[in-house]
Amino acid sequence: MGCSKTQTQEDSEFNQCNEERSLCLHSFSDLSHVSAATFMYLLKDCYLYGTDKATPKFKILQLQVKRALNNDPQPGPFTYVVQCMYIVPLLGKTHAEGFSHMLISSLRHLKSVESVQKDFLDAKHLAARLILDIVASIVPHEERILIKLLEAYDIELRDMADALYGSELGDEDLVKAKEHLKQYVQCLMESESYVTAVNLITRFSIQCYDESFLTKLIENNHLEAAEKWAVFMGNEMICLIIQTYLDIKMLKRANELVKQHDLTEKFPDVNYLYKESVLKKLAEKGCWDIAEVRAKKETKLMEYLVYLAMEAGYMEKVEELCQRYSLEGYVNSLGKHKHQRYLSYINICSPAVPEEICCGSDYLDLKELILEDIIWVDEIDGLLNSISYIEACKIIGVDCEWKPNFEKGSKPNKVSIIQIASDKKAFIFDLIKLYEDDPKVLDSCFRRIMCSSNILKLGYNLQCDLHQLSQSYGELKCFQSYEMLLDIQKLFKGTTGGLSGLSKKILGAGLNKTRRNSNWEQRPLTQNQKEYAALDAVVLVHIFHHVKGQPQFGVTEGCKVEWKSHIVSRVKNSRSTLRF
(Lines give C-alpha, C1' and ligand atoms only; values in the text may rest on other atoms or scores of the structure.)
Protein backbone atom coordinates (compact mmCIF):
# COMPACT_ATOMS: atom_id res chain seq x y z
CA MET A 1 0.00 0.00 0.00
CA GLY A 2 2.88 2.35 0.86
CA CYS A 3 4.39 1.85 -2.58
CA SER A 4 1.01 2.39 -4.23
CA LYS A 5 0.46 5.63 -2.31
CA THR A 6 3.91 6.91 -3.21
CA GLN A 7 3.40 6.01 -6.85
CA THR A 8 0.03 7.82 -6.88
CA GLN A 9 1.68 10.95 -5.42
CA GLU A 10 4.48 10.84 -8.02
CA ASP A 11 1.95 10.41 -10.84
CA SER A 12 0.00 13.39 -9.54
CA GLU A 13 3.14 15.57 -9.45
CA PHE A 14 4.12 14.39 -12.93
CA ASN A 15 0.66 15.21 -14.33
CA GLN A 16 0.72 18.62 -12.68
CA CYS A 17 4.15 19.30 -14.18
CA ASN A 18 2.87 18.26 -17.62
CA GLU A 19 -0.18 20.48 -17.24
CA GLU A 20 2.02 23.47 -16.38
CA ARG A 21 4.31 22.67 -19.30
CA SER A 22 1.31 22.31 -21.63
CA LEU A 23 -0.06 25.64 -20.44
CA CYS A 24 3.33 27.27 -21.09
CA LEU A 25 3.65 25.75 -24.57
CA HIS A 26 0.06 26.75 -25.40
CA SER A 27 0.80 30.32 -24.33
CA PHE A 28 3.83 30.45 -26.59
CA SER A 29 1.95 28.94 -29.53
CA ASP A 30 -0.83 31.54 -29.43
CA LEU A 31 -0.09 35.02 -28.11
CA SER A 32 -3.36 36.57 -29.24
CA HIS A 33 -4.74 36.62 -25.68
CA VAL A 34 -1.48 36.63 -23.69
CA SER A 35 -0.39 39.96 -22.22
CA ALA A 36 3.22 41.07 -22.34
CA ALA A 37 3.47 40.73 -18.54
CA THR A 38 2.18 37.14 -18.59
CA PHE A 39 4.49 36.25 -21.46
CA MET A 40 7.56 37.58 -19.63
CA TYR A 41 6.78 35.79 -16.38
CA LEU A 42 6.21 32.52 -18.26
CA LEU A 43 9.51 33.08 -20.03
CA LYS A 44 11.29 33.55 -16.71
CA ASP A 45 9.71 30.38 -15.31
CA CYS A 46 10.85 28.40 -18.33
CA TYR A 47 14.38 29.65 -17.77
CA LEU A 48 14.41 28.99 -14.02
CA TYR A 49 12.98 25.47 -14.20
CA GLY A 50 15.08 24.34 -17.13
CA THR A 51 17.65 21.66 -16.29
CA ASP A 52 20.32 22.61 -18.83
CA LYS A 53 23.16 25.04 -18.18
CA ALA A 54 22.56 28.76 -18.66
CA THR A 55 23.88 29.14 -22.22
CA PRO A 56 22.00 26.17 -23.78
CA LYS A 57 18.81 27.24 -21.96
CA PHE A 58 19.17 30.76 -23.30
CA LYS A 59 19.64 29.52 -26.88
CA ILE A 60 16.58 27.24 -26.68
CA LEU A 61 14.44 30.01 -25.21
CA GLN A 62 15.61 32.47 -27.86
CA LEU A 63 14.39 30.07 -30.54
CA GLN A 64 11.04 29.74 -28.73
CA VAL A 65 10.66 33.52 -28.48
CA LYS A 66 11.48 33.92 -32.16
CA ARG A 67 8.74 31.43 -33.03
CA ALA A 68 6.29 32.90 -30.51
CA LEU A 69 6.50 36.36 -32.07
CA ASN A 70 5.05 34.84 -35.25
CA ASN A 71 2.01 33.62 -33.29
CA ASP A 72 -0.23 36.69 -33.43
CA PRO A 73 0.95 38.89 -30.52
CA GLN A 74 -1.35 41.90 -30.19
CA PRO A 75 -1.33 44.45 -31.69
CA GLY A 76 1.86 43.25 -33.44
CA PRO A 77 5.33 41.83 -32.66
CA PHE A 78 7.20 45.15 -32.60
CA THR A 79 4.70 46.84 -30.30
CA TYR A 80 4.53 43.67 -28.18
CA VAL A 81 8.28 43.67 -27.63
CA VAL A 82 8.25 47.33 -26.52
CA GLN A 83 5.58 46.39 -23.96
CA CYS A 84 7.74 43.47 -22.82
CA MET A 85 10.75 45.77 -22.45
CA TYR A 86 8.86 47.75 -19.82
CA ILE A 87 8.24 44.52 -17.88
CA VAL A 88 11.77 43.05 -18.12
CA PRO A 89 13.39 45.19 -15.35
CA LEU A 90 10.73 43.89 -12.91
CA LEU A 91 12.11 40.36 -13.37
CA GLY A 92 15.33 41.27 -11.56
CA LYS A 93 18.72 42.58 -12.59
CA THR A 94 20.11 39.06 -13.04
CA HIS A 95 17.84 38.32 -16.00
CA ALA A 96 17.10 41.78 -17.38
CA GLU A 97 19.89 42.19 -19.94
CA GLY A 98 19.71 38.59 -21.18
CA PHE A 99 15.94 38.68 -21.73
CA SER A 100 16.16 42.14 -23.33
CA HIS A 101 18.76 40.90 -25.80
CA MET A 102 16.64 37.82 -26.48
CA LEU A 103 13.55 39.90 -27.30
CA ILE A 104 15.27 42.49 -29.49
CA SER A 105 17.33 39.99 -31.49
CA SER A 106 14.16 37.97 -32.17
CA LEU A 107 12.78 40.91 -34.19
CA ARG A 108 15.48 40.86 -36.87
CA HIS A 109 13.85 38.29 -39.12
CA LEU A 110 10.50 40.13 -38.93
CA LYS A 111 11.72 43.40 -40.48
CA SER A 112 11.32 42.02 -43.98
CA VAL A 113 7.85 40.50 -43.33
CA GLU A 114 5.30 42.60 -45.18
CA SER A 115 2.35 41.81 -42.92
CA VAL A 116 3.97 43.46 -39.88
CA GLN A 117 5.22 46.65 -41.56
CA LYS A 118 2.36 48.74 -40.23
CA ASP A 119 3.08 47.54 -36.69
CA PHE A 120 6.76 48.35 -37.17
CA LEU A 121 5.97 51.96 -38.15
CA ASP A 122 3.48 52.35 -35.29
CA ALA A 123 5.94 50.89 -32.79
CA LYS A 124 8.68 53.40 -33.65
CA HIS A 125 6.89 56.09 -31.59
CA LEU A 126 6.58 53.71 -28.60
CA ALA A 127 10.21 52.61 -28.92
CA ALA A 128 11.35 56.23 -28.99
CA ARG A 129 9.29 56.87 -25.87
CA LEU A 130 10.91 53.85 -24.20
CA ILE A 131 14.37 55.18 -25.12
CA LEU A 132 13.55 58.54 -23.53
CA ASP A 133 12.39 56.72 -20.39
CA ILE A 134 15.69 54.82 -20.31
CA VAL A 135 17.61 58.09 -20.79
CA ALA A 136 15.64 59.64 -17.90
CA SER A 137 16.34 56.51 -15.74
CA ILE A 138 12.60 55.84 -15.42
CA VAL A 139 13.03 52.39 -16.94
CA PRO A 140 16.37 50.84 -15.87
CA HIS A 141 18.07 49.24 -18.87
CA GLU A 142 21.76 48.93 -19.70
CA GLU A 143 23.26 51.31 -22.28
CA ARG A 144 23.91 48.36 -24.61
CA ILE A 145 20.18 47.65 -24.71
CA LEU A 146 19.46 51.28 -25.55
CA ILE A 147 21.75 51.02 -28.58
CA LYS A 148 20.10 47.77 -29.66
CA LEU A 149 16.66 49.41 -29.49
CA LEU A 150 17.84 52.31 -31.65
CA GLU A 151 19.09 49.86 -34.27
CA ALA A 152 16.18 47.39 -34.14
CA TYR A 153 13.53 50.11 -34.57
CA ASP A 154 15.58 52.36 -36.91
CA ILE A 155 15.00 55.32 -34.61
CA GLU A 156 15.68 58.69 -36.25
CA LEU A 157 15.72 62.22 -34.86
CA ARG A 158 12.14 62.78 -36.07
CA ASP A 159 10.97 59.75 -34.04
CA MET A 160 12.60 61.18 -30.92
CA ALA A 161 11.04 64.61 -31.55
CA ASP A 162 7.65 62.95 -32.06
CA ALA A 163 7.97 61.18 -28.70
CA LEU A 164 8.96 64.44 -27.02
CA TYR A 165 6.63 67.00 -28.62
CA GLY A 166 3.88 65.21 -30.53
CA SER A 167 3.22 64.46 -34.19
CA GLU A 168 2.88 68.04 -35.51
CA LEU A 169 6.57 68.76 -35.83
CA GLY A 170 8.40 71.83 -37.08
CA ASP A 171 12.09 72.50 -37.60
CA GLU A 172 12.33 74.04 -34.14
CA ASP A 173 11.12 70.77 -32.58
CA LEU A 174 13.89 68.85 -34.33
CA VAL A 175 16.48 71.35 -33.04
CA LYS A 176 15.08 71.04 -29.49
CA ALA A 177 15.11 67.23 -29.73
CA LYS A 178 18.73 67.27 -30.82
CA GLU A 179 19.63 69.60 -27.95
CA HIS A 180 17.84 67.25 -25.52
CA LEU A 181 19.89 64.32 -26.81
CA LYS A 182 23.08 66.42 -26.74
CA GLN A 183 22.63 66.97 -23.00
CA TYR A 184 22.31 63.22 -22.53
CA VAL A 185 25.48 62.67 -24.59
CA GLN A 186 27.32 65.10 -22.31
CA CYS A 187 26.16 63.09 -19.29
CA LEU A 188 27.45 59.93 -20.95
CA MET A 189 30.80 61.62 -21.54
CA GLU A 190 31.05 62.65 -17.90
CA SER A 191 30.41 59.05 -16.86
CA GLU A 192 32.97 57.87 -19.48
CA SER A 193 30.34 55.93 -21.45
CA TYR A 194 32.14 56.82 -24.66
CA VAL A 195 30.84 54.05 -26.92
CA THR A 196 27.18 54.86 -26.22
CA ALA A 197 27.93 58.56 -26.68
CA VAL A 198 29.46 57.90 -30.12
CA ASN A 199 26.46 55.83 -31.18
CA LEU A 200 24.09 58.67 -30.30
CA ILE A 201 26.31 61.34 -31.86
CA THR A 202 26.55 59.50 -35.19
CA ARG A 203 22.89 58.40 -35.28
CA PHE A 204 21.45 61.84 -34.55
CA SER A 205 24.20 63.98 -36.15
CA ILE A 206 25.15 65.75 -32.95
CA GLN A 207 28.12 68.08 -33.51
CA CYS A 208 29.54 68.74 -30.07
CA TYR A 209 33.18 67.64 -29.75
CA ASP A 210 36.60 68.34 -31.23
CA GLU A 211 39.76 66.29 -31.75
CA SER A 212 40.37 66.00 -27.99
CA PHE A 213 37.38 63.64 -27.95
CA LEU A 214 39.19 61.41 -30.45
CA THR A 215 42.23 61.33 -28.17
CA LYS A 216 40.05 60.27 -25.22
CA LEU A 217 38.51 57.44 -27.21
CA ILE A 218 41.90 56.10 -28.29
CA GLU A 219 43.42 56.48 -24.82
CA ASN A 220 40.54 54.40 -23.43
CA ASN A 221 41.03 51.80 -26.19
CA HIS A 222 37.62 52.42 -27.79
CA LEU A 223 39.15 52.16 -31.24
CA GLU A 224 36.06 51.14 -33.19
CA ALA A 225 34.09 54.00 -31.63
CA ALA A 226 36.95 56.39 -32.43
CA GLU A 227 36.95 55.32 -36.09
CA LYS A 228 33.16 55.56 -36.29
CA TRP A 229 33.22 59.11 -34.90
CA ALA A 230 36.11 60.13 -37.19
CA VAL A 231 34.20 58.90 -40.26
CA PHE A 232 31.14 60.83 -39.08
CA MET A 233 33.20 64.00 -38.67
CA GLY A 234 34.77 63.77 -42.12
CA ASN A 235 38.03 63.46 -44.01
CA GLU A 236 40.08 65.76 -41.78
CA MET A 237 39.33 63.70 -38.69
CA ILE A 238 39.97 60.42 -40.56
CA CYS A 239 43.43 61.73 -41.48
CA LEU A 240 44.00 62.71 -37.86
CA ILE A 241 43.16 59.25 -36.54
CA ILE A 242 45.39 57.62 -39.17
CA GLN A 243 48.28 59.85 -38.12
CA THR A 244 47.58 59.07 -34.46
CA TYR A 245 47.66 55.34 -35.22
CA LEU A 246 50.98 55.81 -37.02
CA ASP A 247 52.43 57.70 -34.06
CA ILE A 248 51.52 54.89 -31.65
CA LYS A 249 52.58 52.14 -34.10
CA MET A 250 49.08 50.77 -34.71
CA LEU A 251 49.95 50.14 -38.33
CA LYS A 252 47.30 47.56 -39.12
CA ARG A 253 44.42 49.88 -38.25
CA ALA A 254 46.09 52.79 -40.01
CA ASN A 255 46.51 50.68 -43.15
CA GLU A 256 42.87 49.54 -43.08
CA LEU A 257 41.59 53.13 -42.82
CA VAL A 258 43.84 54.28 -45.65
CA LYS A 259 42.45 51.53 -47.89
CA GLN A 260 38.81 52.04 -46.85
CA HIS A 261 38.88 55.78 -47.52
CA ASP A 262 41.24 55.80 -50.52
CA LEU A 263 43.89 57.93 -48.82
CA THR A 264 46.98 56.26 -50.32
CA GLU A 265 48.06 59.50 -51.98
CA LYS A 266 48.09 61.29 -48.62
CA PHE A 267 49.70 58.36 -46.77
CA PRO A 268 51.88 56.64 -49.41
CA ASP A 269 54.13 54.73 -46.98
CA VAL A 270 51.53 53.23 -44.65
CA ASN A 271 51.00 50.01 -46.57
CA TYR A 272 54.73 49.30 -46.73
CA LEU A 273 55.22 50.11 -43.03
CA TYR A 274 52.40 47.72 -42.17
CA LYS A 275 53.96 44.94 -44.25
CA GLU A 276 57.29 45.57 -42.51
CA SER A 277 55.60 45.25 -39.10
CA VAL A 278 54.02 41.93 -40.15
CA LEU A 279 57.42 40.60 -41.23
CA LYS A 280 58.96 41.70 -37.95
CA LYS A 281 56.31 39.92 -35.86
CA LEU A 282 56.72 36.74 -37.91
CA ALA A 283 60.49 36.92 -37.53
CA GLU A 284 60.17 37.38 -33.76
CA LYS A 285 58.09 34.20 -33.66
CA GLY A 286 60.65 32.39 -35.80
CA CYS A 287 58.20 32.00 -38.70
CA TRP A 288 60.76 32.81 -41.39
CA ASP A 289 59.19 30.74 -44.17
CA ILE A 290 55.84 32.46 -43.74
CA ALA A 291 57.59 35.84 -43.61
CA GLU A 292 59.26 35.04 -46.92
CA VAL A 293 55.89 34.18 -48.50
CA ARG A 294 54.39 37.41 -47.12
CA ALA A 295 57.20 39.43 -48.69
CA LYS A 296 55.94 38.13 -52.08
CA LYS A 297 59.24 38.69 -53.85
CA GLU A 298 59.06 42.47 -53.28
CA THR A 299 62.72 43.47 -53.29
CA LYS A 300 62.43 46.10 -50.58
CA LEU A 301 60.59 43.74 -48.24
CA MET A 302 63.05 40.93 -48.96
CA GLU A 303 65.89 43.26 -48.05
CA TYR A 304 64.13 44.06 -44.79
CA LEU A 305 63.73 40.33 -44.10
CA VAL A 306 67.48 39.86 -44.66
CA TYR A 307 68.07 42.70 -42.20
CA LEU A 308 65.85 40.96 -39.60
CA ALA A 309 67.67 37.66 -40.11
CA MET A 310 70.98 39.44 -39.54
CA GLU A 311 69.66 41.06 -36.38
CA ALA A 312 68.62 37.61 -35.13
CA GLY A 313 71.99 36.06 -35.99
CA TYR A 314 70.26 33.65 -38.39
CA MET A 315 73.06 33.60 -40.95
CA GLU A 316 71.99 30.59 -43.02
CA LYS A 317 68.68 32.34 -43.65
CA VAL A 318 70.62 35.44 -44.75
CA GLU A 319 72.66 33.30 -47.15
CA GLU A 320 69.55 31.49 -48.42
CA LEU A 321 67.61 34.71 -49.10
CA CYS A 322 70.56 36.45 -50.71
CA GLN A 323 71.16 33.55 -53.09
CA ARG A 324 67.48 33.08 -53.94
CA TYR A 325 66.75 36.76 -54.57
CA SER A 326 70.22 38.02 -55.59
CA LEU A 327 70.61 40.35 -52.62
CA GLU A 328 74.35 40.02 -51.98
CA GLY A 329 74.84 43.65 -53.01
CA TYR A 330 72.33 44.79 -50.41
CA VAL A 331 74.22 43.01 -47.63
CA ASN A 332 77.52 44.57 -48.68
CA SER A 333 75.93 48.02 -48.90
CA LEU A 334 74.86 47.99 -45.25
CA GLY A 335 78.39 48.82 -44.18
CA LYS A 336 80.32 48.36 -40.96
CA HIS A 337 78.83 51.37 -39.22
CA LYS A 338 75.34 49.85 -39.11
CA HIS A 339 75.82 46.84 -36.85
CA GLN A 340 78.47 44.24 -36.12
CA ARG A 341 76.18 41.42 -37.24
CA TYR A 342 75.63 42.99 -40.65
CA LEU A 343 79.20 42.00 -41.53
CA SER A 344 78.87 38.41 -40.35
CA TYR A 345 77.43 37.19 -43.65
CA ILE A 346 80.38 38.68 -45.55
CA ASN A 347 82.72 36.87 -43.16
CA ILE A 348 81.03 33.46 -43.43
CA CYS A 349 83.56 32.29 -46.00
CA SER A 350 86.50 33.81 -44.14
CA PRO A 351 88.00 31.40 -41.54
CA ALA A 352 90.07 34.21 -40.10
CA VAL A 353 86.99 35.82 -38.57
CA PRO A 354 86.24 34.50 -35.05
CA GLU A 355 82.98 32.53 -34.97
CA GLU A 356 81.79 34.38 -31.85
CA ILE A 357 81.14 37.42 -34.05
CA CYS A 358 78.67 35.45 -36.17
CA CYS A 359 76.98 33.72 -33.28
CA GLY A 360 76.67 36.70 -31.02
CA SER A 361 77.87 36.68 -27.42
CA ASP A 362 74.34 36.79 -25.96
CA TYR A 363 73.66 33.12 -26.70
CA LEU A 364 75.05 29.84 -25.44
CA ASP A 365 77.35 28.08 -27.91
CA LEU A 366 77.81 24.33 -28.21
CA LYS A 367 81.57 24.81 -27.90
CA GLU A 368 81.08 26.16 -24.38
CA LEU A 369 79.49 22.85 -23.43
CA ILE A 370 82.40 20.84 -24.91
CA LEU A 371 80.15 18.58 -26.95
CA GLU A 372 82.26 15.97 -28.71
CA ASP A 373 79.95 15.06 -31.55
CA ILE A 374 76.50 15.50 -33.14
CA ILE A 375 75.43 12.25 -34.79
CA TRP A 376 72.69 12.15 -37.42
CA VAL A 377 70.85 8.81 -37.39
CA ASP A 378 68.66 7.81 -40.34
CA GLU A 379 69.73 4.16 -40.92
CA ILE A 380 68.89 1.06 -38.89
CA ASP A 381 72.56 0.18 -38.26
CA GLY A 382 73.18 3.67 -36.93
CA LEU A 383 70.07 3.37 -34.76
CA LEU A 384 71.31 0.14 -33.15
CA ASN A 385 74.77 1.58 -32.46
CA SER A 386 73.33 4.80 -31.02
CA ILE A 387 70.93 3.01 -28.70
CA SER A 388 73.79 0.86 -27.36
CA TYR A 389 75.71 4.01 -26.47
CA ILE A 390 72.68 5.70 -24.87
CA GLU A 391 71.87 2.61 -22.77
CA ALA A 392 75.20 3.07 -21.01
CA CYS A 393 74.28 6.64 -19.95
CA LYS A 394 72.75 7.44 -16.57
CA ILE A 395 71.30 10.84 -17.54
CA ILE A 396 70.10 12.03 -20.96
CA GLY A 397 68.28 15.07 -22.33
CA VAL A 398 65.35 14.48 -24.68
CA ASP A 399 63.71 16.92 -27.07
CA CYS A 400 61.90 16.72 -30.42
CA GLU A 401 61.04 18.97 -33.34
CA TRP A 402 58.34 19.06 -35.98
CA LYS A 403 57.53 21.32 -38.88
CA PRO A 404 55.21 24.11 -37.69
CA ASN A 405 51.72 24.33 -39.13
CA PHE A 406 50.23 27.82 -39.08
CA GLU A 407 46.83 27.05 -40.61
CA LYS A 408 44.05 27.59 -38.07
CA GLY A 409 42.20 24.42 -37.12
CA SER A 410 44.67 22.08 -38.82
CA LYS A 411 46.46 19.22 -37.07
CA PRO A 412 50.13 19.59 -36.12
CA ASN A 413 52.63 17.89 -38.41
CA LYS A 414 54.31 14.63 -37.45
CA VAL A 415 57.33 14.77 -35.16
CA SER A 416 60.26 14.89 -37.56
CA ILE A 417 63.26 14.34 -35.31
CA ILE A 418 63.97 13.36 -31.72
CA GLN A 419 67.18 14.47 -30.05
CA ILE A 420 68.79 12.45 -27.25
CA ALA A 421 71.96 13.78 -25.65
CA SER A 422 74.43 12.95 -22.90
CA ASP A 423 76.83 15.63 -21.72
CA LYS A 424 79.32 14.54 -24.43
CA LYS A 425 77.33 13.40 -27.46
CA ALA A 426 74.05 14.32 -29.12
CA PHE A 427 72.10 11.96 -31.38
CA ILE A 428 69.48 13.29 -33.80
CA PHE A 429 67.11 10.56 -34.98
CA ASP A 430 65.22 10.98 -38.26
CA LEU A 431 61.96 9.52 -36.98
CA ILE A 432 60.12 9.88 -40.29
CA LYS A 433 62.66 7.81 -42.24
CA LEU A 434 63.36 5.28 -39.48
CA TYR A 435 59.64 4.68 -39.06
CA GLU A 436 59.20 4.16 -42.80
CA ASP A 437 62.21 1.81 -42.99
CA ASP A 438 61.48 -0.50 -40.04
CA PRO A 439 58.90 0.55 -37.42
CA LYS A 440 59.37 -2.66 -35.39
CA VAL A 441 63.10 -2.12 -34.89
CA LEU A 442 62.50 1.55 -34.13
CA ASP A 443 59.92 0.60 -31.52
CA SER A 444 62.16 -2.03 -29.93
CA CYS A 445 65.16 0.30 -29.75
CA PHE A 446 63.33 3.23 -28.22
CA ARG A 447 61.55 1.05 -25.68
CA ARG A 448 64.99 0.11 -24.36
CA ILE A 449 65.53 3.79 -23.63
CA MET A 450 62.10 5.16 -22.79
CA CYS A 451 61.08 2.28 -20.54
CA SER A 452 64.42 1.91 -18.79
CA SER A 453 64.43 2.53 -15.04
CA ASN A 454 68.22 2.93 -15.14
CA ILE A 455 68.25 6.07 -17.31
CA LEU A 456 66.97 9.42 -16.05
CA LYS A 457 65.34 11.20 -19.00
CA LEU A 458 65.27 15.00 -18.80
CA GLY A 459 62.98 17.27 -20.79
CA TYR A 460 61.45 20.73 -20.80
CA ASN A 461 57.65 20.89 -21.00
CA LEU A 462 57.75 17.12 -21.47
CA GLN A 463 54.00 16.74 -21.60
CA CYS A 464 53.85 18.61 -24.91
CA ASP A 465 56.63 16.60 -26.57
CA LEU A 466 55.41 13.20 -25.36
CA HIS A 467 51.85 13.98 -26.39
CA GLN A 468 53.06 14.96 -29.84
CA LEU A 469 55.11 11.76 -30.15
CA SER A 470 52.08 9.72 -29.17
CA GLN A 471 49.88 11.50 -31.71
CA SER A 472 52.49 11.09 -34.46
CA TYR A 473 53.46 7.46 -33.85
CA GLY A 474 50.58 6.01 -31.86
CA GLU A 475 51.19 2.51 -33.21
CA LEU A 476 54.57 2.35 -31.45
CA LYS A 477 54.55 1.13 -27.85
CA CYS A 478 57.76 3.04 -27.12
CA PHE A 479 55.80 6.31 -27.09
CA GLN A 480 52.95 5.01 -24.93
CA SER A 481 54.69 4.55 -21.57
CA TYR A 482 57.89 5.83 -19.99
CA GLU A 483 59.99 5.45 -16.87
CA MET A 484 62.26 7.82 -14.96
CA LEU A 485 61.15 11.17 -16.40
CA LEU A 486 62.11 14.57 -14.99
CA ASP A 487 60.57 17.74 -16.42
CA ILE A 488 63.12 20.50 -15.73
CA GLN A 489 60.38 23.11 -16.19
CA LYS A 490 58.67 21.90 -13.01
CA LEU A 491 61.78 22.70 -10.96
CA PHE A 492 61.70 26.38 -11.93
CA LYS A 493 58.06 27.41 -12.11
CA GLY A 494 58.78 31.12 -11.70
CA THR A 495 61.30 31.36 -14.54
CA THR A 496 60.15 33.18 -17.67
CA GLY A 497 61.41 32.88 -21.24
CA GLY A 498 61.10 29.11 -21.64
CA LEU A 499 64.20 26.91 -21.87
CA SER A 500 66.23 29.88 -23.15
CA GLY A 501 65.28 31.93 -20.08
CA LEU A 502 66.16 29.03 -17.78
CA SER A 503 69.50 28.53 -19.53
CA LYS A 504 70.31 32.22 -19.04
CA LYS A 505 69.38 32.02 -15.36
CA ILE A 506 71.35 28.84 -14.63
CA LEU A 507 74.17 28.80 -17.18
CA GLY A 508 74.56 32.54 -17.78
CA ALA A 509 73.51 32.60 -21.47
CA GLY A 510 70.24 31.98 -23.28
CA LEU A 511 69.52 29.92 -26.40
CA ASN A 512 69.13 31.37 -29.87
CA LYS A 513 65.58 30.26 -30.83
CA THR A 514 65.48 31.73 -34.34
CA ARG A 515 65.44 28.25 -35.91
CA ARG A 516 62.63 26.95 -33.70
CA ASN A 517 60.00 27.26 -36.43
CA SER A 518 62.18 26.27 -39.38
CA ASN A 519 61.29 23.41 -41.73
CA TRP A 520 62.29 20.29 -39.79
CA GLU A 521 61.09 17.99 -42.58
CA GLN A 522 63.61 19.23 -45.13
CA ARG A 523 66.48 16.84 -45.85
CA PRO A 524 69.25 17.28 -45.28
CA LEU A 525 68.93 19.57 -42.28
CA THR A 526 71.39 22.45 -42.29
CA GLN A 527 74.32 22.31 -39.91
CA ASN A 528 72.80 25.17 -37.94
CA GLN A 529 69.52 23.25 -37.57
CA LYS A 530 71.45 20.24 -36.26
CA GLU A 531 73.35 22.39 -33.79
CA TYR A 532 70.13 24.06 -32.63
CA ALA A 533 68.46 20.66 -32.13
CA ALA A 534 71.46 19.18 -30.33
CA LEU A 535 71.80 22.18 -28.03
CA ASP A 536 68.16 21.94 -26.90
CA ALA A 537 68.83 18.39 -25.64
CA VAL A 538 72.35 18.71 -24.27
CA VAL A 539 71.63 21.92 -22.34
CA LEU A 540 69.10 19.98 -20.25
CA VAL A 541 71.88 17.72 -18.96
CA HIS A 542 74.09 20.66 -18.03
CA ILE A 543 71.23 22.50 -16.30
CA PHE A 544 70.52 19.30 -14.33
CA HIS A 545 74.17 18.95 -13.27
CA HIS A 546 74.04 22.53 -12.09
CA VAL A 547 70.84 21.89 -10.14
CA LYS A 548 72.57 19.01 -8.41
CA GLY A 549 75.23 21.44 -7.21
CA GLN A 550 77.86 20.57 -9.79
CA PRO A 551 78.62 23.83 -11.63
CA GLN A 552 80.64 23.21 -14.76
CA PHE A 553 82.47 25.14 -17.45
CA GLY A 554 82.75 28.38 -15.46
CA VAL A 555 79.03 29.13 -15.52
CA THR A 556 77.27 31.34 -13.00
CA GLU A 557 76.71 30.36 -9.41
CA GLY A 558 74.18 27.56 -9.07
CA CYS A 559 71.12 27.24 -6.90
CA LYS A 560 70.11 24.09 -5.05
CA VAL A 561 66.73 22.74 -6.05
CA GLU A 562 64.93 19.70 -4.70
CA TRP A 563 64.58 17.52 -7.80
CA LYS A 564 64.15 13.87 -6.76
CA SER A 565 60.52 14.35 -5.74
CA HIS A 566 59.72 15.52 -9.31
CA ILE A 567 60.85 12.29 -11.00
CA VAL A 568 57.95 10.41 -12.57
CA SER A 569 58.42 6.65 -12.25
CA ARG A 570 55.94 5.56 -14.87
CA VAL A 571 53.61 7.28 -17.31
CA LYS A 572 50.72 5.57 -19.01
CA ASN A 573 49.95 7.34 -22.25
CA SER A 574 46.86 7.07 -24.48
CA ARG A 575 46.53 8.53 -27.98
CA SER A 576 44.41 11.41 -26.72
CA THR A 577 45.67 12.20 -23.21
CA LEU A 578 48.99 12.15 -21.39
CA ARG A 579 48.84 12.13 -17.60
CA PHE A 580 51.72 12.81 -15.23
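Side-chain atoms of H141 come within 3.5 Å of backbone atoms of M85 as a donor-acceptor pair (strictly under, hydrogens ignored). With Q207 contributing its side chain and S205 its backbone, the two residues share no donor-acceptor pair below 3.5 Å. A donor-acceptor pair under 3.5 Å is absent between the side-chain atoms of D465 and the main chain of N461, judged by distance alone. Counting only distance, with no hydrogens or angles, the side chain of S503 and the backbone of S500 share no donor-acceptor pair below 3.5 Å. Looking only at distances, a side-chain donor or acceptor of K44 sits under 3.5 Å from a matching main-chain atom of L91. In this structure a side-chain-to-backbone donor-acceptor pair under 3.5 Å is missing from N255 to L251. Without hydrogens or angle criteria, N413 side chain to K403 main chain gives a donor-acceptor distance under 3.5 Å. For the pair S470 (side chain) and L466 (backbone), a donor-acceptor distance under 3.5 Å is absent.
Y272 carries K300 over the face of its six-membered ring, with the cationic atom under 6.0 Å from the centre and within 45° of the normal.
Legend: residues meeting side chain to side chain donor-acceptor pair (under 3.5 Å) with S35, ordered by chain and number and at least two apart, are T38. For the side chain to side chain donor-acceptor pair (under 3.5 Å) test, residues two or more places apart in sequence or in another chain that qualify with S212 are D210. With sequence neighbours left out, the ring pair (Phe, Tyr, Trp, His ring centres under 6.0 Å) criterion links F78 to F120, Y153. Qualifying ring pair (Phe, Tyr, Trp, His ring centres under 6.0 Å) partners for H125, counting only residues two or more places apart in sequence or in other chains: none. Scored by the side chain to side chain donor-acceptor pair (under 3.5 Å) test, D289 finds K317 as partners (sequence neighbours excluded). In this view, F204 satisfies the ring pair (Phe, Tyr, Trp, His ring centres under 6.0 Å) rule with no residue, not counting sequence neighbours. Every side chain to side chain contact (heavy atoms under 4.5 Å, CB included) that E156 has, sequence neighbours left out, goes to D159.
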Can you give the donor-acceptor pairs under 3.5 Å from side chains of residues 221-233 to other protein atoms, not counting sequence neighbours?
{"residue": "E227", "atom": "OE2", "partner": "Y245", "partner atom": "OH", "Å": "2.8"}
{"residue": "E227", "atom": "OE2", "partner": "R253", "partner atom": "NH1", "Å": "2.7"}
{"residue": "K228", "atom": "NZ", "partner": "N199", "partner atom": "OD1", "Å": "2.8"}

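For residues 176-196, the salt bridge (Lys or Arg N to Asp or Glu O under 4.0 Å) pairs, not counting sequence neighbours, are D173-K176. Residue pairs meeting the salt bridge (Lys or Arg N to Asp or Glu O under 4.0 Å) criterion with at least one member in residues 258-280, sequence neighbours excluded: K275-E298. Legend: salt bridge (Lys or Arg N to Asp or Glu O under 4.0 Å) pairs involving residues 125-142, not counting sequence neighbours, sorted by first then second residue: R129-D133. Within the structure, salt bridge (Lys or Arg N to Asp or Glu O under 4.0 Å) pairs that include any residue of residues 96-112 comprise E97-R144, K111-D154 (at least two apart or interchain).
Counting only heavy atoms from C-beta outward, the side chains of I238 and Q260 never approach each other to under 4.5 Å.
Between the side chains of E292 and Y325, a donor-acceptor pair is found at a separation under 3.5 Å. For the residue pair E401 / Q529, no side-chain donor-acceptor distance below 3.5 Å is found, with atom types taken as modelled.
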